[in-house]
Enquirer: 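Below you will find the structure I want to go over with you.
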Amino acid sequence: MATMTENQIHGLSESFTREEYNSQEIFNDEMQKIYGTNWCFAGLCESLNKIGDRLVVDIGSESILILRNRDGELRAFYNVCQHRGSNLCDASGSGFGAAITCPYHSWSYSLEGALVATPLHEKDSIDRETLHLKSVQVDQWQGCIFVSLDPNTKPLLEWLDEHYSRPRELEKFEMSSLVNAGTTVDEVSANWKVLAENYSECLHCAVVHPELVDLVPVYKTGKTIQDDRKDWGVSLADGKTSLSHKQNESLALLPSMEDLDEYSVFGAFVYPNMLVDISPTVAVLTRYVPRSPTHTTIFTDYLFPKSVVDDKSLDLEPTISFSDMVNQQDIAVCERVQRGVASRSFIRAYHTKMERYCHQLILRYRSEIN
Ligand code: FES
Ligand SMILES: [Fe+2]
């Protein structure tokens, strides 16, 4: 249990310090102790459809190579050649075939990570067995790939069950049945924790997101959940049917949306690097990739039912651009915060009781980083 501080008694609890938002040393520690131990969202299963398809992602301070093997299973390795350490693959994509060939001396590995070719050397002149790629834990949930650099990590579902945001309650929306209609990439001048705190509260919503709160009136009150609903859903305003610039579109609803009494939105922060935002017609998945204490890359995927993506007569732009508009509004305030927390006058941030999910973030962070 966290001890109650004086500031909590007076309605405030302590958030991160200036150093925690800016220090390279603390950032390095986070990459080891948080990104190096938790399961991290790494991408979509649909991007690895065929044997040999590759996903190259940064997890913490490591480059990781994720593949689909000959049995259709996911495999993940440190993206490091065992000869003299060159990074193996630069790009994600298809069409590379079933061998991983190092661009330095052309040594090749199988999709299982075994060293299978060493040009200019007799086959038996090298003990290839000892030079297997170093593997990494990989699993999938709801069509999403997760990687853990901790070989002793707990199973993914058990780990998901420990999140205060209850991401597994979103399984009813069957995200693995959805298809990605596009990905946006934002380079953001803010610490990943500034972004995570911002996502975890809605005190800013009425000020920063006027279009969003028109569609989701509860957000005007600063609350992220609706007191009279037990399913953690939040109802759209009367007559509103989606989070989109255009209402009453002919887009199919996500699975299970029909079963709800009202058009609704749901969300979960899957600590440390994933946001899941479900609304009537689209599931938006966000992935943070921390680059430095003051820089984070944000990847955002927009998932719709397959029938919607396949129907080229449907216009998804009003839905995607609405979500992107909200994202850009958040990015602007987070960059503003990052500039402020770099000031020598700034000591630490605080949370009020209405920012209770931010406080949950702090508790988890402190349990892992100290
Ligand atoms: S470093 Fe990869 S083949 Fe030499
Ligand atoms: Fe926001």
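In each ligand, atom 1 is the first atom listed, and ligand 1 is the first ligand listed.
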Enquirer: Not counting sequence neighbours, list each pair that qualifies as a disulfide bond (SG atoms under 2.5 Å apart) and has a residue in residues 322-352.
Expert: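 Sorted result for residues 322-352: empty, none.
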Enquirer: Any side-chain heavy-atom pair from Leu236 and Leu243 closer than 4.5 angstrom?
Expert: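 Of all side-chain heavy-atom pairs linking Leu243 with Leu236, at least one is under 4.5 Å.
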Enquirer: Give me the protein N, O or S atoms that fall under 2.8 Å of atom 4 (Fe) of ligand 1, sorted by chain and residue number.
Expert: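 Within the sphere that stays under 2.8 Å of atom 4 (Fe) of ligand 1, the protein atoms of type N, O or S are His83 ND1, His105 ND1.
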Enquirer: Tell me whether Cys205 has at least one N, O or S atom under 2.8 Å from the Fe ion (ligand 2).
Expert: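 Given the 2.8 Å cut-off, Cys205 does not count as a ligand of the Fe ion (ligand 2).
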Enquirer: Is a side-chain N or O of Asn198 found less than 3.5 angstrom from the main chain of Val194, in a donor-acceptor match?
Expert: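 Not a single qualifying donor-acceptor pair exists.
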Enquirer: Write out all pairs satisfying disulfide bond (SG atoms under 2.5 Å apart) with one or both partners inside residues 117-216, taking only residues at least two apart or from two chains.
Expert: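 Listed once each, the pairs are Cys202-Cys205.
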Enquirer: Can you give the donor-acceptor pairs under 3.5 Å from side chains of residues 215-225 to other protein atoms, not counting sequence neighbours?
Expert:
residue : atom : partner : partner atom : Å
Thr221  : OG1  : Val218  : O            : 2.6
Thr221  : OG1  : Lys223  : N            : 3.4
Lys223  : NZ   : Asp227  : OD2          : 2.6

Enquirer: Once the angle between the rings of Phe41 and Phe146 is folded into 0 to 90°, is it parallel (under 30°), tilted (30 to 60°) or perpendicular (over 60°)?
Expert: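 Tilted.
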Enquirer: Tell me the angle that OD1 of Asp330 and NE2 of His209 form around the Fe ion (ligand 2), rounded to 10°.
Expert: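 Answer comes to 90°, rounded to 10°.
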Enquirer: Which of the N/O/S atoms in His204 sits closest to the Fe ion (ligand 2)?
Expert: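 It is NE2 of His204.
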Enquirer: Using a distance threshold of 2.8 Å, state whether an N, O or S atom of Cys202 lies below it from the Fe ion (ligand 2).
Expert: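 Given the 2.8 Å cut-off, Cys202 does not count as a ligand of the Fe ion (ligand 2).
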Enquirer: Look at the side chain of Asn22 and the backbone N and O of Arg18, then say whether any donor-acceptor pair between them is shorter than 3.5 Å.
Expert: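 Answer holds: yes.
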Enquirer: Does the ring centre of Tyr164 sit less than 6.0 Å away from the ring centre of Phe269?
Expert: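 No; Tyr164 has its ring centre 6.0 Å or more from that of Phe269.
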